[in-house]
Amino acid sequence: MQPKQNIVHLPVYQPGKPVEDVKRELGLSEVIKLASNENPYGSSKQAKAAIVAEIDNNNIYPDGASVELTAALAAKLGVNTDQIIFGTGSSEIILMLARAFLVPGDETIMADETFPQYKHNAEIENARIIEVPLKEGKHDLPAMLAAINDKTKIVWICNPNNPTGTIVTLDELTAFLDQVPAHVLVVLDEAYGEYISDPSFPDGVKLLERYANLVVLRTFSKIYGLAALRIGYGVGNASVIRYANQVREPFNTSRIAQAAAKASLADDEFISYCREQNANGLSYLAEQFDRLGLSYFPAYGNFIMVDVKRSSPEVFDSLLRKGIISRSRWTHYPNHIRITVGTQEQNEKFISALEQVLQEETVQR
Ligand SMILES: Cc1ncc(COP(=O)(O)O)c(C=O)c1O
């Protein structure tokens, strides 16, 4: 048997370590996972009620076109229903766009480093990957623009960027989009966009009328707290969305996910609550890092990347032994860990564990 040669080297996606594994392996009774940018406040009560109400329909296939959910979202975003596509998480929209647009030899441009699924899916299509280094943790849009040529098909912009948490501002983004040739699709991944109230942060959906080659990705996995149900969406020009729909699996998103997502859209109170708590958590973590003399990238999403000034896999292991799961092993940031903003109690436990780890390591040196 011979698989496609271009997938042989691909890694299998490594998720954040599950809480149950860590409890078992280390014999801990309490473990806090701050590794996968999940919502520590769960999900909307209305979403839970919608899930329960949908349970008797498990024997019926879902609506492949997510008609009701699409109508609710289109009304909320002020776009037409043919401008929206749903996927099993926004990860599946990334896969569909790569599948629909990239053929071997096409070029695709992304930051280095950023969310790994752009590269992963482009590699499956055997496209040529052009990675443009981040500048102080931020997308270098002028350099990304300069990398565009006749072979470029897709440019990926992660805003805010995962893992660094930095943003591209509205002015930076429009200056870039004004110069991108019409044959290039720009995918703007706003997985954490709902967390941000900074006025300089662009709302990609508002730019769709101006830029026909723009697609915005969002997800119900983060602020909506529905990561387990796997549902996210793309919004863009109807012709681009149609191409993505042509490669979509027939019944990709489940009935339960669609019902929960629709109910979540009606619960603005939950979203405002999570946004506010997250902002408080980010301020707390930033203050504590300042107190500990640690530098960090300006953070806008529900995570923050901090320079722990020593090998981060070691800090990761030491934190793990204290029951905190963080994320390390970044290609260009060997001394940084990325930490998800938890509840205030979780954040305090993390800071206390980090402080102990840094002190213990200083004593050992
Ligand atoms: C930047 C970014 N985009 C997309 C995703 C995909 O999320 P999901 O597939 O759960 O919607 C993630 C998940 O962590 C992410 O960080």
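Counting starts at 1 for both ligands and their atoms, in listed order. These figures come from a predicted structure and were not determined experimentally. In what follows, residues are counted from 1 in the order of the sequence shown.
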In ligand 1, the atoms that come under 4.0 Å of a heavy atom of S90 are 4 (C), 5 (C), 6 (C), 7 (O), 8 (P), 9 (O), 11 (O)
min-distance protein heavy atom vs atom 2 (C) of ligand 1 -> D189 OD2, 3.4 Å
Quick note on ligand 1: atoms under 4.0 Å from a heavy atom of K222 include exactly 13 (C), 14 (O)
Take every heavy atom of R230, measure it against each atom of ligand 1, and state whether any distance is under 4.0 Å.
yes
Verify ring pair (Phe, Tyr, Trp, His ring centres under 6.0 Å) between F201 and Y300, making sure each step is shown before the conclusion. CA-CA 9 Å; F201 180 71; Y300 292 82; 7.6 Å; no
Within the structure provided, determine whether S295 and V306 are in side-chain contact (heavy-atom separation under 4.5 Å).
no
* Can you get from I271 to F303 by hopping between Ile, Leu, Val, Met, Phe, Trp and Tyr side chains that sit under 4.5 Å apart? -> yes
Is there a heavy atom in F220 that sits closer than 4.0 Å to ligand 1?
no
Note to self: Any non-hydrogen side-chain atom of L185 less than 4.5 Å from a side-chain atom of V155?
What the structure shows: no
of all protein heavy atoms, closest to atom 9 (O) of ligand 1 is S91 OG, 2.5 Å
So the atoms of ligand 1 within less than 4.0 Å of a heavy atom of G89 turn out to be 8 (P), 9 (O), 11 (O)
Exercise. Any donor and acceptor pair, going by atom type alone, linking the side chain of S44 with main-chain N or O of Q46 inside 3.5 Å?
Worked result: yes
Atom 5 (C) of ligand 1 sits nearest the protein heavy atom F115 CZ, 3.4 Å
Ring-plane angle category for Y61 and F251, please: parallel below 30°, perpendicular beyond 60°, tilted otherwise. parallel
Under 4.0 Å from one or more heavy atoms of S221, ligand 1 contributes atoms 8 (P), 10 (O), 11 (O)
Is the ring pair F297/H336 parallel, tilted or perpendicular, if the boundaries are 30 and 60 degrees?
parallel
Near C158 (heavy-atom distance under 4.0 Å), the atoms of ligand 1 are 1 (C)
